[in-house]
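Scroll down for the structure; my scribbles are underneath it.
Just so it is clear, the structure is predicted and the values come from calculations on it, not from any experiment. Counting begins at 1 with the first residue of the sequence.
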Amino acid sequence: MSTNQLHQARNLTLPSREAMLYRVPSVQQFWTHNYDLLSDAWKEWEESQNDSLAPLGSALLDSRLREVVTQAWADPSKESAVLELMHEVAPDVFEFQFFDPQRLADLRAYLEQAWDAQIPLRPPYGIVLNRRGAMLDSRSEGYLAAPSFQAFYREILNTYMRPIARLLFPEIMGYDTQTFGFSIHYKPNTDTSIRPHTDASAVTLNININLPDEPFTGSTVDFYDPGAGKMIPLAFTSGSAMIHRGNVVHAAQPITSGERTNLVLWLFGDNGRMPIQDTQRSEVDAKLRWTMPTGKLDNFAPF
């Protein structure tokens with residue numbers, strides 16, 4: 001790898017803000033043309049920052065979650081202990097503690113340095129450009145390709161998200177082989193809310209990465225309850241997560257003070273396949289839940 005990839009990446013001329021927001025063809029060409037350069041720049045950046053970057057790994061996760069998930073991987077018959085940490089807060093929407101709030105500072109320190117690295121990052125399309133909005137998955141051009149982060153990202157998806165999703169929603173088995181992820185940042189006067197929508201995923205995991213001393217008001221995530229015919233507002237706390245099927249209608253209400261930063265992760269099948277609406281849940285052997293998909297990652301990206 002050339003030692004000036006980082007310098008070259010930092011000197012790229014980004015497409016205009018308007019072009020980025022509305023995904024004009026030149027934007028796609030920019031990211032595609034510079035895919036390898038940006039990937040190499042992230043490797044060079046991480047090597048140059050190695051002494052100052054906080055280590056990423058499962059030690060950042062809630063200790064109870066880490067313990068029961070490790071136990072279930074060793075003996076799937078003990079997976080009920082994982083289920084005990086899941087709290088159904090709306091129909092088929094489960095909340096649980098994902099990160100240890102006291103260890104989130106390590107993750108945030110790493111991400112703050114990455115966001116300040118001056119390497120172009122592509123925000124989710126349609127989202128106002130801000131330093132904390134980025135694509136996380138290697139299938140997305142302009143993604144956060146730093147090797148340590150990518151190893152951590154894959155650990156979250158493979159070791160934690162997928163088996164938990166299979167435990168809660170067994171009908172998604174086979175529709176969880178592929179991954180997608182992005183970060184999103186809400187603050188007044190920029191991205192403040194998202195209107196009601198469903199996700200192009202079989203399952204969505206939404207994790208808050210605010211530090212305990214970063215309060216915010218507003219910004220509830222409302223989930224539609226078809227039985228009651230109304231939306232149920234839910235609020236994130238530091239390091240907490242919500243997991244739900246992608247076809248559950250939800251919306252982010254306006255944030256009124258402070259800021260909120262979340263990691264949003266999706267699972268779906270090969271080439272974007274998802275379970276048919278109202279697919280009946282079937283019994284799945286616990287041993288099958290706690291396995292890794294054997295197929296290769298494809299190149300399909302929802303956006």
Side-chain angles (χ1 to χ4, degrees), residues 17 20-23 86-99 101 104 107-108 111 115 121-137 140 144 156 161 165 168 179-212 214-226 228-268 274 301-303:
R17 177 182 178 278
M20 293 270 277
L21 284 173
Y22 297 106
R23 200 179 182 181
M86 307 291 126
H87 308 287
E88 190 169 17
V89 289
D92 286 332
V93 179
F94 294 85
E95 182 180 26
F96 62 105
Q97 192 66 33
F98 194 87
F99 287 118
L104 264 177
L107 174 58
R108 282 287 299 278
L111 290 173
W115 287 322
L121 283 169
R122 177 169 82 78
Y125 288 123
I127 301 297
V128 173
L129 306 188
N130 62 66
R131 61 187 291 276
R132 292 182 180 175
M135 307 308 294
L136 306 179
D137 200 282
S140 300
L144 178 53
I156 291 173
M161 180 181 179
L168 296 170
T179 61
F180 188 67
F182 55 94
S183 64
I184 191 165
H185 181 63
Y186 299 93
K187 64 179 181 179
N189 303 319
T190 57
D191 289 307
T192 63
S193 62
I194 296 180
R195 63 187 179 184
H197 65 284
T198 58
D199 296 334
S201 68
V203 176
T204 295
L205 177 65
N206 195 338
I207 315 169
N208 180 255
I209 57 171
N210 276 50
L211 302 180
E214 293 179 320
F216 59 89
T217 58
S219 203
T220 60
V221 180
D222 297 356
F223 290 90
Y224 183 66
D225 179 349
K230 64 179 183 180
M231 301 292 274
I232 298 177
L234 301 172
F236 284 103
T237 56
S238 177
S240 68
M242 296 179 195
I243 188 168
H244 58 88
R245 289 193 196 84
N247 62 14
V248 175
V249 176
H250 55 289
Q253 292 300 314
I255 191 168
T256 52
S257 70
E259 303 179 7
R260 174 165 75 86
T261 305
N262 282 53
L263 306 181
V264 181
L265 311 181
W266 290 1
L267 296 175
F268 44 75
M274 290 181 285
F303 58 84

- request: Check whether any side-chain heavy atom of Y224 lies under 4.5 Å from a side-chain heavy atom of P196, and answer yes or no.
  value: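 When only atoms from C-beta onward are counted, P196 and Y224 do not touch, as no gap falls below 4.5 Å.
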
Do P188 and I255 have side-chain heavy atoms sitting under 4.5 Å apart?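 Result yes, sub-4.5 Å side-chain heavy-atom pair found.
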
What is the distance from atom [atom1] of [X] to atom [atom2] of [Y], rounded to the nearest 0.5 Å?
{"X": "R132", "Y": "E259", "atom1": "CZ", "atom2": "CD", "value": "5.5 Å"}
{"X": "F99", "Y": "N210", "atom1": "CZ", "atom2": "CG", "value": "12.5 Å"}
{"X": "T204", "Y": "H244", "atom1": "OG1", "atom2": "NE2", "value": "4.5 Å"}
{"X": "D222", "Y": "I232", "atom1": "CG", "atom2": "CD1", "value": "9.5 Å"}
{"X": "L121", "Y": "L144", "atom1": "CG", "atom2": "CG", "value": "6.0 Å"}
{"X": "M161", "Y": "I243", "atom1": "CE", "atom2": "CD1", "value": "5.0 Å"}

Ignoring hydrogens, what is the shortest heavy-atom contact between [X] and [Y]? Give both atom names and the distance.
{"X": "A251", "Y": "R195", "value": "CB-C, 3.8 Å"}
{"X": "L205", "Y": "F98", "value": "CD2-CE1, 4.2 Å"}
{"X": "A200", "Y": "F268", "value": "O-CD2, 3.7 Å"}
{"X": "M86", "Y": "L168", "value": "CG-CD2, 4.1 Å"}
{"X": "I207", "Y": "A241", "value": "CG1-CB, 4.0 Å"}
{"X": "P124", "Y": "S183", "value": "CG-O, 3.8 Å"}

- Task: Give me the one residue out of L263, N206, V264 that meets side-chain contact (heavy atoms from CB on, under 4.5 Å) with I184.
- Result: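 Output: one option passes, namely V264.
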
ask   = Of all residues at least two apart in sequence or in a different chain, which pass the side-chain contact (heavy atoms from CB on, under 4.5 Å) check with S238?
value =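 For S238 the side-chain contact (heavy atoms from CB on, under 4.5 Å) partners, ignoring immediate neighbours, are P101, L104, P212.
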
Handout entry: Pair H185, T261: side-chain N/O donor-acceptor within cut-off below 3.5 Å
Key =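 Yes, side-chain donor-acceptor contact under 3.5 Å.
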
**Request:** Go through the structure and list residues passing side chain to side chain donor-acceptor pair (under 3.5 Å) with T198, not counting sequence neighbours.
**Result:**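 Checked T198 against side chain to side chain donor-acceptor pair (under 3.5 Å); zero matches.
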
Distance-only, no hydrogens or angles: does the [X] side chain make a donor-acceptor pair with backbone N or O of [Y] under 3.5 Å?
{"X": "E95", "Y": "Q97", "value": "no"}
{"X": "H250", "Y": "V248", "value": "yes"}
{"X": "T217", "Y": "S257", "value": "yes"}
{"X": "R260", "Y": "N208", "value": "no"}

**Asked** F182 and F303: aromatic ring centres closer than 6.0 Å?
**Response**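 Distance test on ring centres: under 6.0 Å, yes.
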
ask   = Please walk me through it: do F236 and M242 pass side chain to side chain contact (heavy atoms under 4.5 Å, CB included)?
value = CA-CA 8 Å; F236 284 103; M242 296 179 195; 3.9 Å; yes

Discussion item. For a side chain to side chain contact (heavy atoms under 4.5 Å, CB included) check, start with the C-alpha distance between M231 and Q253, then their side-chain angles and the critical distance, and finish with the verdict.
Written reply: CA-CA 11 Å; M231 301 292 274; Q253 292 300 314; over 6 Å; no

